[in-house]
Every structure is written in structure tokens, then in C-alpha cells.
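Just so you know, these numbers use all the heavy atoms, side chains as well, and skip hydrogens, waters and symmetry mates. The residues of the chain are indexed from 1 along the displayed sequence. For ligands, and for the atoms within them, numbers begin at 1 and follow the listed sequence.
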Amino acid sequence: MSEIRITGVYMQYYFVCKRKLWFFAKNIKMEEKSDLVTMGKLIDEHSYKREKKQINIDDTINIDFIGNRGTIHEIKKSKSIDKADIYQVKYYLYYLYKRGVQDIDGIINYPKLREKVTVELSEQDITEIEAIMEEIDAILKHETPPPVIDTKVCKKCAYYELCYI
Ligand code: SF4
């Protein structure tokens with residue numbers, strides 16, 4: 001098992017960029033400077049106003065809101081890195097599953113696109129998530145960050161200046 005506290009954001013960044021994961025986990029935080037992140041927060045704050053928002057569990061997972069039948073909801077502004085979003089929600093389901101909360105699903109809401117995606121947790125997902133947790137552990141034990149990945153994600157990344165300038 002992983003020796004560190006892996007948050008939902010770590011799981012998401014693992015799929016976005018492992019270098020970004022490393023920076024974030026080492027407390028090098030530049031997110032506030034990104035206009036895109038600000039827009040994401042605004043969408044988050046102004047969507048689904050009637051629901052109870054931001055349910056923080058153990059400072060590890062931060063669920064946007066909980067809907068009918070215990071479904072957990074995550075709000076995203078775009079589907080540009082949807083695999084990362086899906087695994088973030090799978091990790092929430094996994095974290096709850098390990099604490100006895102089972103038989104619930106997740107939904108990723110894209111209010112700007114008027115779309116939603118249902119996320120489930122399978123036995124195979126559990127095995128995969130545990131392997132990813134080991135990998136995250138190994139990445140964060142390195143004293144230096146993983147290399148620059150140089151993809152279209154970089155131009156929108158809050159760490160762009162750290163990687164390219
Ligand atoms: S700029 Fe690119 S390589 Fe650097 S942290 Fe962001 S996504 Fe990763």
C-alpha cells in the first residue's frame with residue numbers, strides 16, 4: 001500500500017501529467033494564477049446552487065456535491081482531460097468503498113456542455129487504482145520531478161512558466 005496520503009487531485013494529476021503531480025505534491029502551487037482554473041472555480045460555485053457543496057473527507061477527497069441515492073457528483077468545465085476526471089471520481093468511489101460505503105456511483109457534470117458521464121467502480125478498477133497509488137508513491141519519492149511531457153496540455157497548465165521559461 002502507498003505510504004503517503006493520496007488525494008483526489010493527486011489521482012487526477014497522475015493522468016494529466018506526472019510532473020504536475022510532483023510539483024503539486026511538493027507544495028509548489030501556482031493554480032491561483034491560471035485563468036482557466038479561476039473559470040473552473042466560478043462554474044463550480046455557480047452551478048447546482050441548491051446542493052450542499054464541497055464535502056471534504058479526511059482532507060483527502062473533496063466531493064463537489066452528493067445527489068439522490070448517495071451519488072457523488074464532480075463538476076468540470078470541459079472534457080479536455082476526461083480520463084483524468086473519470087479516475088478522480090473512481091478514486092473517490094474507491095476511497096469510500098474502502099471505508100464501507102459501497103454500491104454508489106459517481107457522475108461527472110459538465111454544465112457548460114449540458115452533459116454528464118456516469119462513473120462506476122469495478123473490481124478491475126480497484127486493482128488498477130491500487131497499482132496507480134503505488135506508482136504515485138514512487139514518483140513522489142524522487143527528489144527531482146519527472147520530465148516535461150510537451151503536449152497540448154502544457155499551454156493551459158499553471159506550471160507552464162516553471163517548465164518552459
Ligand atoms: S507545463 Fe506541461 S510538463 Fe509542465 S507540469 Fe504542466 S503539463 Fe506537465
Side-chain angles (χ1 to χ4, degrees), residues 1-47 53-54 56-65 72-95 106-119 121 124-165:
M1 273 311 259
S2 167
E3 293 168 17
I4 56 161
R5 183 171 59 84
I6 292 174
T7 69
V9 175
Y10 286 18
M11 185 59 64
Q12 189 199 24
Y13 284 1
Y14 173 86
F15 286 96
V16 174
C17 169
K18 293 171 180 62
R19 183 175 170 90
K20 180 171 182 163
L21 162 69
W22 191 95
F23 284 144
F24 185 82
K26 302 294 176 189
N27 231 14
I28 303 167
K29 298 205 167 88
M30 300 174 74
E31 295 290 318
E32 311 75 40
K33 291 183 182 172
S34 163
D35 288 346
L36 288 162
V37 171
T38 306
M39 194 205 291
K41 283 181 182 159
L42 280 175
I43 289 172
D44 190 45
E45 282 162 14
H46 294 285
S47 307
K53 304 283 288 290
Q54 303 298 344
N56 182 306
I57 300 174
D58 301 337
D59 277 338
T60 302
I61 63 170
N62 200 19
I63 298 167
D64 281 345
F65 69 90
I72 62 173
H73 289 257
E74 179 70 17
I75 305 166
K76 297 290 183 191
K77 73 178 164 48
S78 82
K79 292 174 94 171
S80 60
I81 322 173
D82 54 350
K83 186 172 182 186
D85 300 339
I86 287 168
Y87 274 82
Q88 181 182 6
V89 175
K90 279 189 189 289
Y91 184 63
Y92 290 171
L93 294 172
Y94 168 85
Y95 193 84
I107 292 180
I108 306 174
N109 298 85
Y110 300 95
K112 254 183 104 180
L113 306 172
R114 297 182 186 277
E115 283 184 37
K116 58 185 179 181
V117 171
T118 300
V119 180
L121 184 74
Q124 195 182 333
D125 290 328
I126 291 170
T127 306
E128 189 183 1
I129 284 171
E130 289 178 347
I132 292 168
M133 289 167 75
E134 296 285 350
E135 268 192 69
I136 291 175
D137 205 40
I139 290 166
L140 300 185
K141 278 184 179 147
H142 275 103
E143 289 192 359
T144 53
V148 172
I149 57 169
D150 194 14
T151 69
K152 61 179 183 177
V153 174
C154 296
K155 288 215 168 101
K156 296 178 180 173
C157 177
Y159 295 108
Y160 183 84
E161 288 180 24
L162 262 184
C163 294
Y164 291 95
I165 297 173

Sort by chain and number the protein N/O/S atoms that are closer than 2.8 Å to atom 6 (Fe) of ligand 1, and list them.
Cys157 SG
Suppose we screen for side chain to side chain donor-acceptor pair (under 3.5 Å). Which residues come up paired with Asp125, at least two apart in sequence or across chains?
Lys90, Ser122
Partners of Tyr164 by side chain to side chain donor-acceptor pair (under 3.5 Å), sequence neighbours excluded?
Asp150
Do Lys20 and Tyr13 meet the cation-pi criteria used here (NZ or CZ under 6.0 Å from the six-membered ring centre, within 45° of the axis)?
yes
Taking the side chain as every heavy atom from C-beta outward, state whether Tyr94 and Glu130 have any pair of such atoms under 4.5 Å apart.
yes
Those residues that, when tested against Asp58, pass salt bridge (Lys or Arg N to Asp or Glu O under 4.0 Å) (two or more places apart):
Arg99
Report yes or no: does Tyr92 contribute a side-chain atom to a donor-acceptor pair with the main-chain N or O of Asn62 at less than 3.5 Å?
yes
